[in-house]
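In what follows, a single structure is set out as structure tokens and then discussed.
Indexing begins at 1, ligand by ligand and atom by atom, following the structure's order. All values reported here derive from a predicted model rather than from experimental measurement.
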Amino acid sequence: MIAILDFGGQYAHLIATRFRSFGVFTQIYDSDISIDKLDSVKGIVLSGGPQSVFSDDSLKIDSKIFKMKIPTLAICFGHQITSHTLGGIVSKGVKGEYGPALLRVEKESLIFKDVSLESKVWMSHFDEVTKIPNNFEIIASTKDCQIAAMQNKDLNIYGIQFHPEVIHTKEGLKILSNFADICEVKNTWDLGSFIDKECLKIREKVKDKKVFLLVSGGVDSSVAFALLEKALGKERVFGVFMDTGLLRKDERKYVESSMKEAGFENLYTEICEDIFLKNLEKKFLPEEKRKIIGNTFLDVQKEIVKRLGLNPEDWLLGQGTIYPDTIESGATKNSHTIKTHHNRVPEIQKMIDEGKVIEPLVDLYKDEVREVGRKLGLSNKLVDRHPFPGPGLGVRILCSNENDLTIIEEGEVNNFKYQILPIKSVGVQGDQRTYKHPAVLYLNNDRLDWDKLDQSSVKIVNESDNVNRVVLSLSSKVLQKFKSKEKYIDKNRIKLLQEVDFIAQKILYDYELKALDVQKVWQFPVVLLPLVNEKNEECVVLRPIWSQEAMTAEFARLPQEILNQMSEKILEIDGIGEVFYDLTHKPPGTIEWE
Ligand code: XMP
């Protein structure tokens with residue numbers, strides 16, 4: 001087995017999944033585990049984390065670990081703490097590196113066996129190792145990080161600043177597989193056995209009770225529904241689909257018919273938009289909105305239990321929670337809260353501690369959930385749906401309590417003019433939550449040069465303290481005068497966003513139906529901003545991304561004609577004056593804006 005020591009990184013669990021995907025059994029431990037427990041492991045991975053080795057309360061590591069000669073792969077913060085503990089120097093970086101960087105392998109190493117001399121890697125750090133410990137050697141660099149990888153062959157230690165576990169590091173899986181070879185671990189895990197093992201666990205946990213499952217019509221809750229039915233039988237799983245009023249246009253009808261088609265009969269719809277809207281009145285802070293939405297789901301659930309005269313003692317609450325929901329909500333010992341997912345509000349956390357919640361997919365990522373869904377016989381149409389978050393349009397309609405804040409700063413990068421907008425969105429940088437301004441870039445001619453736009457976006461964020469996201473204006477080439485506008489969630493804004501979203505999704509759908517051999521968009525949020533142009537018209541953002549499991553993402557590079565079509569059609573809607581296209585990877589942005 002390979003042991004992963006978790007320093008609170010967003011991707012610690014993802015490292016485990018990657019090893020599992022090529023059949024290596026892994027276990028995650030807190031970073032302060034006693035080293036006797038590591039005696040028999042074949043390899044150790046030190047994860048990233050949100051900390052800095054300089055802070056007084058920084059996590060420490062028992063230096064004896066490094067003397068055990070067990071192969072050790074130290075990633076990001078793990079790389080920094082290894083260097084710091086063994087006598088190297090870690091410094092505050094001159095600037096952060098978030099998202100893509102080009103890695104150059106400089107020395108032969110088992111960890112880079114068959115890895116190209118130059119390849120794209122994904123970074124998320126501010127501090128960096130500036131002097132290696134004695135008896136180490138530098139084995140790879142990037143433009144902004146000279147010690148991107150180091151090794152000590154005698155002690156079997158490999159330190160890397162980038163993240164091999166995220167799918168956007170092009171040869172990351174090869175690097176992890178090389179590490180598994182160095183550890184000489186054999187195949188001990190497969191997803192097929194997951195279903196049988198999980199069914200046993202479900203029966204053990206539920207005993208003679210029943211499950212009240214919150215269903216959204218999306219991938220996770222549908223797969224959870226099918227798995228619970230397999231384990232307990234159809235009559236013991238009661239699915240409830242709540243129409244929160246924050247759904248996409250015509251979503252209720254779609255969910256009802258597609259769930260029926262998939263064979264889920266024990267499903268009940270509750271229309272509860274009024275209570276969601278009432279509870280969100282005048283709210284504008286992202287975390288507050290998220291918690292209100294999560295709590296309202298619970299309130300409605302309790303109300304249904306009461307109305308139907310069910311005895312709460314006979315029921316467990318079922319949820320299709322998957323691993324990113326947990327880690328982003330800050331649920332592991334050293335991790336930060338990036339955003340509180342609707343199924344991880346404190347009241348649910350309390351119910352989990354009391355054993356009142358069942359979540360059969362809680363250790364899986366979206367790509368694994370899809371695989372389980374297919375094995376359970378669900379259709380591709382259902383399993384391959386784009387993810388849609390539980391809080392729905394509630395986190396895509398951004399709100400503000402301030403009027404007339406104007407452009408914060410103007411600048412130029414690679415001949416593109418840009419402005420920093422007077423609103424904010426959530427991001428993830430160096431495993432921490434950020435809440436900063438987006439910048440808007442303007443094209444200087446008619447052609448979209450994706451590489452140049454990508455580099456410009458990365459440069460603005462990496463060099464700025466108050467920007468975590470960059471968008472491109474699809475509607476103007478000259479700088480506009482935007483200002484913030486006091487706006488909250490209300491029926492008019494919901495309807496407006498539903499219309500914009502409907503148009504954008506339809507154009508994407510038609511395009512992908514005909515396009516061959518293109519990388520399909522993984523998720524496509526459309527966002528309404530509390531921002532207006534000089535004519536007092538609203539601004540929307542298109543955010544199509546490419547991803548595999550939502551922990552990292554690249555903004556999608558759609559053909560220019562498709563963007564033009566989307567923008568033209570959306571601008572025909574009364575009241576919409578600007579269409580932006582999100583040019584931000586994750587990190588530094590998150591997929592959703594809040
Ligand atoms: P971010 O925005 O953090 O999102 O990059 C990662 C993935 O999680 C989805 N998401 C949620 N899903 N409840 C959910 O069921 C939530 O509260 C929630 N917040 C974000 C998001 O759509 C993306 O796929």
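Residue K170 qualifies as enclosed at atom NZ: its count of foreign heavy atoms under 6.0 Å is above 12.
Aromatic ring centres of W593 and Y435 lie farther apart than the 6.0 Å criterion allows. The aromatic ring centres of F225 and F241 sit 6.0 Å or more apart. The six-membered or imidazole ring of H125 lies away from that of F77, with a centre-to-centre distance of 6.0 Å or more. Taking the six-membered ring for Trp and the full ring otherwise, F126 and Y98 have centroids separated by 6.0 Å or more.
Closest protein heavy atom to atom 13 (N) of ligand 1: H342 ND1, 2.8 Å. From the protein, the heavy atom lying nearest to atom 7 (C) of ligand 1 is A550 CB, 3.8 Å.
Ring planes of F238 and F212: perpendicular class, angle over 60° (limits at 30 and 60°).
For G390, a nitrogen or oxygen atom sits less than 3.5 Å from a nitrogen or oxygen atom of ligand 1, counting backbone and side chain alike. Checking only distances, I591 does come within under 3.5 Å of ligand 1, N or O to N or O.
For the residue pair L441 and L453, the shortest heavy atom distance occurs at CD1-CD2, 3.8 Å.
Interface atoms of ligand 1 facing K339, defined by a heavy-atom separation under 4.0 Å, are 1 (P), 2 (O), 3 (O). Close contacts of ligand 1 with K586, meaning ligand atoms under 4.0 Å from a residue heavy atom, involve 1 (P), 3 (O), 5 (O), 6 (C). Close contacts between ligand 1 and Q523 involve ligand atoms 21 (C), 22 (O), 23 (C), 24 (O) [criterion: under 4.0 Å to a heavy atom]. Below 4.0 Å from some heavy atom of P391 lie the following atoms of ligand 1, by number and element: 13 (N), 16 (C), 17 (O).
Ligand 1 lies less than 4.0 angstrom from a heavy atom belonging to R290.
Of the candidates E592, H341, E328, it is H341 that places a heavy atom closest to atom 8 (O) of ligand 1.
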